[in-house]
Novice: 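One structure, pasted below without further comment.
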Amino acid sequence: MRGQMIFKGLIKDRGLGSPIQKGRSNKLVNRRNECLIARYYYYGYFKSMCYEEILRQLVAEFFLSPSTIANIIQSNSEQLQALKQRAQVMYYFQNHWPHLKW
């Protein structure tokens with residue numbers, strides 16, 4: 001049948017080795033959360049925005065629901081406290097996430 005050789009080549013190349021991991025990458029989720037926490041700190045500390053305004057801004061930037069953002073902030077509170085204790089300057093954020101406007 002036409003195209004059968006291409007199909008068999010695709011299946012044979014994959015082999016039965018390790019299965020492909022499906023779903024979200026934990027590494028990427030952690031990086032996203034780290035950036036989200038930094039943005040939360042930035043808006044609260046440097047921009048002096050209130051909680052509702054910060055949530056609205058983060059919803060627009062990260063395409064997550066407000067409840068998801070609140071859960072991420074709550075579960076990463078130690079990271080937020082570390083930022084607060086170090087009293088980071090703007091240069092820190094600009095170096096770690098140069099693609100964002102700080």
Novice: Mind checking the CZ-CD1 spacing from R32 to I37? Nearest 0.5 Å is all I need.
Specialist: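 These two atoms lie 10.0 Å from each other.
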Novice: With sequence neighbours excluded, tell me which residues meet side-chain contact (heavy atoms from CB on, under 4.5 Å) with T68.
Specialist: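 Counting only residues at least two positions away or on another chain, T68 forms a side-chain contact (heavy atoms from CB on, under 4.5 Å) with L64, S65, I72.
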Novice: Evaluate whether atom CD of E78 has more than 12 neighbouring non-hydrogen atoms of other residues, nucleotides or ligands under 6.0 angstrom away.
Specialist: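 Result for CD/E78: enclosed.
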Novice: Could you list the residues that satisfy side-chain contact (heavy atoms from CB on, under 4.5 Å) with S48, not counting sequence neighbours?
Specialist: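 Checked S48 against side-chain contact (heavy atoms from CB on, under 4.5 Å); zero matches.
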Novice: What's the separation between atom CG in N33 and atom OH in Y40, rounded to the nearest 0.5 Å?
Specialist: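 Nearest 0.5 Å value for the CG-OH distance: 14.5 Å.
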Novice: Side-chain atoms of residues 90-102: list all donor-acceptor pairs with protein atoms under 3.5 Å, sequence neighbours left out, distances to 0.1 Å.
Specialist:
{"unit_1": "Y91", "atom_1": "OH", "unit_2": "N95", "atom_2": "ND2", "d": "3.2"}
{"unit_1": "H96", "atom_1": "ND1", "unit_2": "Y92", "atom_2": "O", "d": "3.1"}
{"unit_1": "W102", "atom_1": "NE1", "unit_2": "F93", "atom_2": "O", "d": "3.3"}
{"unit_1": "W102", "atom_1": "NE1", "unit_2": "W97", "atom_2": "O", "d": "2.9"}

Novice: Applying side-chain contact (heavy atoms from CB on, under 4.5 Å) to Y43 and Y51, what does each step give before you reach the verdict?
Specialist: CA-CA 9 Å; Y43 287 131; Y51 181 74; over 6 Å; no
Novice: Could you pull out all residues at least two apart from E34 that satisfy salt bridge (Lys or Arg N to Asp or Glu O under 4.0 Å)?
Specialist: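 Partners of E34 under the salt bridge (Lys or Arg N to Asp or Glu O under 4.0 Å) test: none.
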Novice: Could you grab the distance from atom SG of C35 to atom CD of E61, nearest 0.5 Å is fine?
Specialist: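 Going from the SG atom of C35 to the CD atom of E61 covers 7.5 Å.
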Novice: Do I73 and V29 belong together in a cluster built from hydrophobic side chains that touch within less than 4.5 Å?
Specialist: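 Not linked; separate clusters.
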Novice: Are L28 and R31 side-chain neighbours, meaning at least one heavy-atom pair lies under 4.5 Å?
Specialist: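 In short, these two side chains touch, coming nearer than 4.5 Å.
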Novice: Test of understanding: with side-chain contact (heavy atoms from CB on, under 4.5 Å), list the residues that count as partners of E52, not counting sequence neighbours.
Specialist: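 Residues passing side-chain contact (heavy atoms from CB on, under 4.5 Å) with E52: C50, R56.
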Novice: Just how far is it from atom CD of Q74 to atom CD1 of I69, taken to the nearest 0.5 Å?
Specialist: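 Here the rounded value is 14.0 Å.
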Novice: According to ring pair (Phe, Tyr, Trp, His ring centres under 6.0 Å), who are the partners of Y45, at least two apart in sequence or on a separate chain?
Specialist: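 If we apply the ring pair (Phe, Tyr, Trp, His ring centres under 6.0 Å) test to Y45, skipping adjacent residues, the hits are Y41.
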